[in-house]
Amino acid sequence: MWSWLDSRFLHLVFYKTYADLRAESERTYIGFLWWIIEPVIDMMVYYVVFSLFLQRGTGSDFAPFLLIGMVTFRWFQTSVRLGGVSVIANAGLMRLVYLPKIVFPSVAILNVTVKFLPAFAILIVFLLIYGFPLTPAYAALPVLLLVELLVILALTYLIAAVVPFVPDFWVAIDTGLTMLFFLSGIFFAGSSLSGKYQFYFYLNPFAHIIENYRAILMSGVWPNWPPILWTGAGALVGIAIGSYLLARFDRLYPRSIR
Amino acid sequence: MTDVPRSQPVIVMRNVGIYYWLKKGYLRRERFWALKDVSLELHRGEALGVIGRNGAGKTTLLQLLAGIISPDRGELENAGVQAAMLSLQIGFLDQLSGRENAILGGLMLGISKSVVENKMEDIVSFSELGDFFDRPLGTYSSGMKARLGLSVALQLDPDVLLIDEVMGVGDAEFRAKSEACMIERVKSNRTIVLVSHNSHTIRQLCDRAVWIEKGRSLTEGPTEEVIQAYEASLRKEG
């Protein structure tokens with residue numbers, strides 16, 4: 001009755017995301033303005049602390065260096081945190097009505113992405129004001145964003161599909177996200193590591209993603225394509241497996257979650 | 001309308017069983033068969049009653065019919081009909097208006113937004129919510145929320161409507177109206193399944209009934225016969 005790329009599926013994902021975002025924004029007085037104000041405050045804090053107070057040794061560009069890593073990594077981290085438990089979180093709903101379970105992580109990712117985009121736009125404005133030039137390399141930005149989105153979809157689908165059966169897994173995922181936060185080069189450059197560690201460091205797709213965001217935004221350099229394209233290809237395989245699992249266990253979830 | 005052929009089964013269950021895992025101590029779990037052996041036929045245009053005591057597996061049965069879960073043994077055949085549980089609120093959000101919640105509820109039932117919008121006037125008038133329809137759901141009383149939920153489910157008219165127990169929510173007047181609407185559905189050759197432990201509602205609405213006891217279907221047939229057998233067993237046990 002339902003199929004994956006059914007227009008009803010897309011309508012439901014979009015409308016449910018719209019409804020959730022509306023509901024979220026209605027809970028506060030200024031509502032969606034928070035999606036702009038919060039990242040602005042965030043960036044100001046990092047700027048004041050790292051560029052004015054500390055004047056870190058890596059040069060005075062540590063604040064933009066850090067912010068590019070933080071903002072783009074947080075998109076991924078928040079999506080996985082919200083999307084990974086989305087099937088469990090909707091247990092009550094799925095016992096009332098049949099829904100393709102892939103709807104839940106998709107809504108979570110779209111929700112986080114809608115809030116990420118203004119934060120990312122503010123980051124760009126910050127970088128331009130800070131003094132980095134707008135270069136032709138910016139043309140590669142949509143590709144990099146798309147690859148990151150594919151990685152987000154792949155990991156979130158896979159985690160959302162498995163966690164309802166092995167809730168213990170979630171604890172490991174949460175720890176893994178924290179480890180990834182420290183190991184993806186948000187606070188340091190991969191080039192600052194010694195050779196033998198560099199090999200392991202660059203096995204992490206996020207090390208490449210973040211490094212290439214910086215290449216475009218700070219140095220005006222085109223991305224290092226091979227690792228980015230390999231990451232995108234791997235993510236497509238992950239999306240295929242994740243959505244297959246979600247469809248395979250579609251009617252098992254409502255009775256596996258207590 | 002009674003001479004319309006009612007021979008086509010839309011959903012057939014043959015010896016259906018389904019289990020849940022129950023936790024039994026550390027890392028140990030055990031199968032619990034919520035339904036062991038249930039057979040029934042649901043025909044187009046009939047009102048089928050499912051009667052049985054609490055814990056007989058009636059809710060699980062409705063979830064199977066709605067396609068929410070699938071059986072572990074036996075066969076369940078659906079001739080391509082959309083069956084939906086009548087619920088008072090399907091993922092409604094307090095911050096959205098009645099209108100937006102109606103669209104959301106419709107999309108969750110697998111009904112496209114344009115169809116819901118076409119039926120919106122019927123939903124508004126059936127719900128009797130008036131101006132409240134465009135106000136946030138959070139401002140509704142619980143009775144009004146129930147009216148919105150029922151109006152959405154009844155007016156969007158799935159092929160098979162699955163109803164769990166008595167709808168003991170909302171005011172008596174609206175309940176009577178919903179019952180009338182269901183009787184109307186039955187008369188106009190729509191299909192419903194009504195599950196209850198109370199024989200009164202089933203007698204009133206259903207032409208045929210199935211008696212479920214401890215996960216097994218015992219009798220299926222004309223309502224009166226099935227209810228008499230059920231009530232006799234209740235009396236025997238005191």
Side-chain angles (χ1 to χ4, degrees), chain A residues 1-4 6-29 31-32 86-87 89-104 106-108 110-111 164-168 247-258, chain B residues 18-23 27 29 32 34-35 59-60 62-72 76 78 80-97 100-116 136-138 149 153 158-159 162 164:
Chain A
M1 286 181 280
W2 280 88
S3 80
W4 210 88
D6 199 316
S7 68
R8 289 177 311 168
F9 164 78
L10 292 174
H11 278 141
L12 177 58
V13 170
F14 285 119
Y15 202 82
K16 175 82 174 118
T17 307
Y18 156 78
D20 288 347
L21 289 170
R22 264 281 313 274
E24 264 175 60
S25 71
E26 297 281 333
R27 278 184 209 121
T28 54
Y29 283 109
F32 63 85
S86 59
V87 174
N90 284 289
L93 184 58
M94 72 175 76
R95 289 192 191 106
L96 288 179
V97 60
Y98 169 74
L99 286 173
K101 304 307 169 282
I102 197 167
V103 164
F104 302 126
S106 306
V107 166
L110 189 56
N111 181 314
F165 300 115
V166 195
D168 312 57
R248 176 81 180 72
F249 302 131
D250 209 16
R251 289 180 165 82
L252 226 49
Y253 294 116
R255 57 186 170 121
S256 302
I257 304 163
R258 280 166 295 262
Chain B
I18 185 167
Y19 62 80
Y20 288 87
W21 288 108
L22 286 186
K23 218 171 166 161
L27 286 179
R29 50 184 202 162
F32 165 73
L35 292 182
T59 305
T60 306
L62 283 193
Q63 288 179 330
L64 278 167
L65 290 171
I68 292 170
I69 49 180
S70 54
D72 294 305
L76 173 70
N78 181 323
V81 291
Q82 183 213 10
M85 296 221 276
L86 177 66
S87 62
L88 297 174
Q89 289 184 51
I90 328 141
F92 284 179
L93 293 168
D94 271 354
Q95 291 83 358
L96 301 190
S97 69
E100 290 168 316
N101 273 308
I103 294 173
L104 188 60
L107 286 168
M108 290 201 190
L109 289 171
I111 296 162
S112 74
K113 197 176 158 192
S114 57
V115 173
V116 181
L137 194 75
D159 301 329
L162 309 167
D164 199 348

Please classify the contact of B/Ile90 with chain A as side chain, backbone, both or neither, using a heavy-atom distance under 4.5 Å. both
Residues two or more places apart in sequence or in another chain: which of them pass salt bridge (Lys or Arg N to Asp or Glu O under 4.0 Å) with B/Asp159? none
Measure A/Tyr18 against the heavy atoms of chain B and call it side chain, backbone, both or neither at under 4.5 Å. side chain
Rounded to the nearest 0.5 Å, what's the gap from CG on A/Leu93 to CD1 on B/Ile68? Could you check? 9.5 Å
Interatomic spacing from CG in B/Leu107 to NE2 in A/His11 - rounded to 0.5 Å: 8.0 Å
Nearest 0.5 Å, what's the OH-CG distance between A/Tyr15 and B/Leu104? 7.0 Å
When rounded to the nearest 0.5 Å, the distance separating OG1 of B/Thr59 from CZ of A/Arg95 is 11.5 Å
Might you point out which heavy atoms bring A/Ala23 and B/Gln95 nearest each other, and give the distance in Å? CB-OE1, 3.4 Å
Counting N and O atoms only, with roles assigned by atom type, does the side chain of A/Arg22 sit under 3.5 Å from a partner on the main chain of B/Leu96, one being a donor and the other an acceptor? no
The reported gap from CG in A/Leu99 to CG in B/Leu109 (rounded to nearest 0.5 angstrom) is 8.5 Å
Can you pull the salt bridge (Lys or Arg N to Asp or Glu O under 4.0 Å) pairs that have at least one residue in residues 80-93 of chain B, sequence neighbours excluded? none
Check whether A/Asp20 gets within reach of chain B through its side chain, its backbone, both or neither, counting any heavy atom under 4.5 Å. both
Whether A/Arg8 side chain and B/Gly110 backbone form a donor-acceptor pair below 3.5 Å: yes
Quick one: does A/Arg255's side chain have a donor or acceptor within less than 3.5 Å of a partner on B/Tyr19's backbone? yes
Can you tell me how far the OG atom of B/Ser70 sits from the CG atom of A/Asp250, to the nearest 0.5 Å? 9.0 Å
Kindly indicate whether the side chain of B/Met108, heavy atoms from C-beta on, has any atom under 4.5 Å from the side chain of A/Leu12. yes
I'd like to know if the side chain of A/Tyr98 pairs up with that of B/Gln63 as donor and acceptor (distance under 3.5 Å, no hydrogens or angles considered). no
